[in-house]
Amino acid sequence: QVQLVESGGGLVQPGGSLRLSCAASGFSFEVETMAWFRQFPGKQREWVATIDSGGNPHYDYSMEGRFIISRDNAKNTVYLQMNSLKPGDTGVYYCNRIPPFPHLWGQGTQVTVSA
């Protein structure tokens with residue numbers, strides 16, 4: 001019943017922006033810490049950012065202030081605003097709760113940053 005559906009990815013030029021969305025259902029979204037992860041080609045999935053039930057965000061240091069995580073509990077949706085995108089940000093972006101549902105990862109959404 002748990003569903004995590006990522007969207008909003010696409011092809012952008014370096015320096016551009018994207019806003020990713022994660023539509024969640026099947027669990028008590030409003031009380032859970034949610035997170036964004038990403039997976040580079042040939043690499044394991046890595047943590048990008050979290051946001052707790054009170055809306056407090058935390059980021060991996062490598063984001064350098066470029067990304068903003070937010071949530072709308074009324075819509076059961078988590079967002080990731082990505083600015084100043086770099087080619088190194090290219091990958092598949094996923095959402096999940098913390099701790100992640102072990103075997104319920106969605107398809108993710110592809111982000112490609114290229115000139």
Side-chain angles (χ1 to χ4, degrees):
Q1 189 175 356
V2 173
Q3 296 183 37
L4 299 164
V5 182
E6 300 92 346
S7 62
L11 174 64
V12 297
Q13 293 184 318
S17 297
L18 285 172
R19 190 190 191 214
L20 308 184
S21 297
C22 169
S25 61
F27 63 99
S28 298
F29 175 87
E30 71 278 3
V31 304
E32 300 283 1
T33 294
M34 297 297 296
W36 284 97
F37 303 81
R38 67 185 181 185
Q39 186 172 27
F40 299 143
K43 302 293 182 67
Q44 287 191 291
R45 192 161 37 232
E46 65 182 44
W47 171 68
V48 172
T50 59
I51 183 166
D52 67 19
S53 61
N56 301 298
H58 298 275
Y59 304 95
D60 183 85
Y61 71 92
S62 65
M63 301 302 103
E64 302 173 356
R66 298 180 297 120
F67 293 4
I68 302 171
I69 187 171
S70 61
R71 67 192 297 162
D72 186 340
N73 288 343
K75 297 181 178 180
N76 279 11
T77 301
V78 182
Y79 304 97
L80 186 68
Q81 178 67 45
M82 305 188 296
N83 302 313
S84 301
L85 284 163
K86 306 173 182 178
D89 295 318
T90 294
V92 181
Y93 286 69
Y94 302 87
C95 67
N96 214 321
R97 72 168 191 177
I98 299 296
F101 292 107
H103 304 291
L104 292 173
W105 295 92
Q107 290 183 295
T109 185
Q110 176 71 43
V111 171
T112 302
V113 185
S114 176

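One is the number of the first residue; the rest follow in order along the sequence. It should be emphasised that the depicted structure is a prediction, and the values quoted were computed from it without experimental measurement.
Remark: L104 CG to Q3 CD distance equals 10.0 Å, nearest 0.5 Å. In this structure, the separation between OH on Y79 and CZ on R71 is 11.5 Å, given to the nearest 0.5 Å. With rounding to the nearest 0.5 angstrom, the CG atom of L18 is 8.5 Å from the OG1 atom of T109. To the nearest 0.5 Å, atom CZ of residue R19 and atom CG of residue N83 are 11.5 Å apart. Within the model, atoms CZ of R66 and OG of S84 stand 7.0 Å from one another, a figure rounded to the nearest 0.5 Å.
For CD of E46, the number of neighbouring non-hydrogen atoms (other residues, nucleotides, ligands) closer than 6.0 Å is greater than 12. Shown here is E30, whose CD atom has more than 12 heavy atoms of other residues, nucleotides or ligands within 6.0 Å.
Each of T112, V113, D89, T90 was compared with V12 under the side-chain contact (heavy atoms from CB on, under 4.5 Å) criterion, and only V113 meets it.
Residues passing the side chain to side chain contact (heavy atoms under 4.5 Å, CB included) test with T33, sequence neighbours excluded: T50, D52, I98.
The shortest side-chain heavy-atom distance between S17 and Q81 falls under the 4.5 Å cut-off. Residues Y59 and I51 are not in side-chain contact: their nearest non-hydrogen atoms beyond the backbone lie 4.5 Å or more apart. Using a 4.5 Å cut-off on side-chain heavy atoms (C-beta onward), Y93 and Q39 make no contact. In this structure, the side chains of F29 and R97 stay at 4.5 Å or more apart for every pair of heavy atoms. The closest side-chain heavy-atom distance from C22 to L4 is below 4.5 Å. I69 is not listed as a side-chain neighbour of H58, based on a closest heavy-atom distance of 4.5 Å or more. Taking the side chain as every heavy atom from C-beta outward, L11 and S114 approach each other to under 4.5 Å. Residues N96 and M34 fail the side-chain proximity criterion, which asks for heavy atoms closer than 4.5 Å.
Of all heavy-atom pairs between L85 and M82, the closest is CD2-CB, 3.7 Å. Between F37 and P100, the shortest heavy-atom contact is CZ-CG, 4.0 Å. Annotation for G9 and V111: closest pair CA-CG2, 4.2 Å, computed over non-hydrogen atoms. A pairwise comparison of heavy atoms in W105 and F101 identifies NE1-O, 3.8 Å as the closest pair. Nearest approach of F27 to V2, heavy atoms of both residues: CD2-CG1, 3.9 Å.
Residues W36 and F67 keep their aromatic ring centres 6.0 Å or farther apart.
V92 and V5 end up in different hydrophobic clusters when Ile, Leu, Val, Met, Phe, Trp and Tyr side chains are linked at under 4.5 Å.
Cation-pi geometry between R38 and Y94 is not met: the NZ or CZ atom fails to fall both under 6.0 Å from the ring centre and inside 45° of the normal.
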